[in-house]
Amino acid sequence: MRERRRVTNHGLVQGVCFRERVRRIAERFAVAGFVRNRGADRVEIKAEGEPATVAAYVEHVLAHPPPRARLERVHHADLPRS
C-alpha cells in the first residue's frame, strides 16, 4: 500500500528556490506528488510512495532546505492511502 503525506512548511520558503529543491529531491527518491506555494510564507508538499521512501524523502527535505530558507514551523498530515 502506498503512503500519502502532506507537509506544510511555514517561514521563509518563497524566493529561496524551495520548490525546485523539493522537486529535485523527489526525483532522486522516486516519490510522486507536487509542491506549491500557499500564501506568502507557506509551501505545501504532497508526497506519495512506499511508506519508508516517503518518510526518508520528507526527512531529507526538512534536513536540507535551501541555504536561505528558514523553516519556522512544519505541519505533517497523513492522507488517505491509495
Side-chain angles (χ1 to χ4, degrees):
M1 191 173 291
R2 295 173 64 86
E3 180 172 293
R4 297 175 65 223
R5 186 177 302 174
R6 176 186 307 129
V7 181
T8 305
N9 301 282
H10 301 260
L12 179 58
V13 291
Q14 295 190 18
V16 295
C17 299
F18 197 91
R19 288 179 299 145
E20 180 60 23
R21 166 101 31 135
V22 169
R23 186 192 63 75
R24 284 191 219 149
I25 295 170
E27 287 177 354
R28 288 199 322 254
F29 279 81
V31 171
F34 63 84
V35 57
R36 64 181 170 190
N37 291 332
R38 301 293 283 174
D41 66 345
R42 290 182 295 151
V43 171
E44 176 186 41
I45 300 168
K46 285 193 180 173
E48 181 175 342
E50 296 300 318
T53 304
V54 169
Y57 162 72
V58 170
E59 183 178 316
H60 188 83
V61 165
L62 297 178
H64 301 91
R68 294 185 351 215
R70 298 292 176 259
L71 299 179
E72 297 172 2
R73 187 167 42 107
V74 178
H75 180 263
H76 296 260
D78 291 328
L79 302 172
R81 292 182 177 213
S82 58

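Owing to the predicted nature of the structure, the values given are computational and were not obtained by experimental measurement.
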**OP:** Locate the shortest heavy-atom distance separating Asn9 from Val13; write the atom from each residue and the value.
**Re:** O-CG2, 4.0 Å
Original post:
Between Arg6 and Lys46, which heavy-atom pair has the shortest distance, and what is it?
Top reply: NE-CE, 3.5 Å
**OP:** In sequence, state the C-alpha distance, the side-chain angles, and the governing distance for Val7 and Val61, and then conclude on side chain to side chain contact (heavy atoms under 4.5 Å, CB included).
**Re:** CA-CA 10 Å; Val7 181; Val61 165; over 6 Å; no
**OP:** Identify whether the distance between the nearest side-chain nitrogen and carboxylate oxygen of Arg23 and Glu20 falls below 4.0 Å.
**Re:** yes
Original post:
With the threshold set at 4.0 Å, does a side-chain nitrogen-carboxylate oxygen contact exist between Arg5 and Glu3?
Top reply: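 Between Glu3 and Arg5 there is a salt bridge, with a charged N closer than 4.0 Å to a carboxylate O.
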Original post:
Can you find a heavy atom in the side chain of Tyr57 that is under 4.5 Å from one in the side chain of Val22?
Top reply: yes
Separation between [atom1] of [X] and [atom2] of [Y], rounded to the nearest 0.5 Å:
X     : Y     : atom1 : atom2 : answer
Arg42 : Asn37 : CZ    : CG    : 10.0 Å
Thr53 : Arg2  : OG1   : CZ    : 9.0 Å
Glu48 : Arg4  : CD    : CZ    : 5.5 Å

Original post:
Name the one of Val16, Thr8, Val35 that satisfies side-chain contact (heavy atoms from CB on, under 4.5 Å) with Val43?
Top reply: Val35
Subject >> By side-chain contact (heavy atoms from CB on, under 4.5 Å) - contacts of Asp41 (at least two apart) >> reply: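 side-chain contact (heavy atoms from CB on, under 4.5 Å) list for Asp41, sorted by chain: empty.
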Original post:
So if you build clusters from Ile, Leu, Val, Met, Phe, Trp, Tyr with side-chain heavy-atom gaps below 4.5 Å, do Phe34 and Val31 land together?
Top reply: no
Original post:
Is it the case that one hydrophobic cluster holds both Ile45 and Leu79, taking links as side-chain heavy atoms less than 4.5 Å apart, direct or via other members?
Top reply: no
Enumerate donor-acceptor pairs with a distance under 3.5 Å from any side-chain N or O in residues 68-76 to protein atoms, sequence neighbours excluded.
| from | atom 1 | to | atom 2 | distance (Å) |
| --- | --- | --- | --- | --- |
| Arg68 | NH2 | Gly15 | O | 2.4 |
| Arg70 | NH1 | Pro67 | O | 2.9 |
| Arg73 | NH2 | His10 | ND1 | 3.4 |

Original post:
Any donor and acceptor pair, going by atom type alone, linking the side chain of Arg21 with main-chain N or O of His64 inside 3.5 Å?
Top reply: yes
Original post:
Would the number of heavy atoms belonging to other residues, nucleotides or ligands and lying under 6.0 Å from CD of Glu27 be above 12?
Top reply: yes
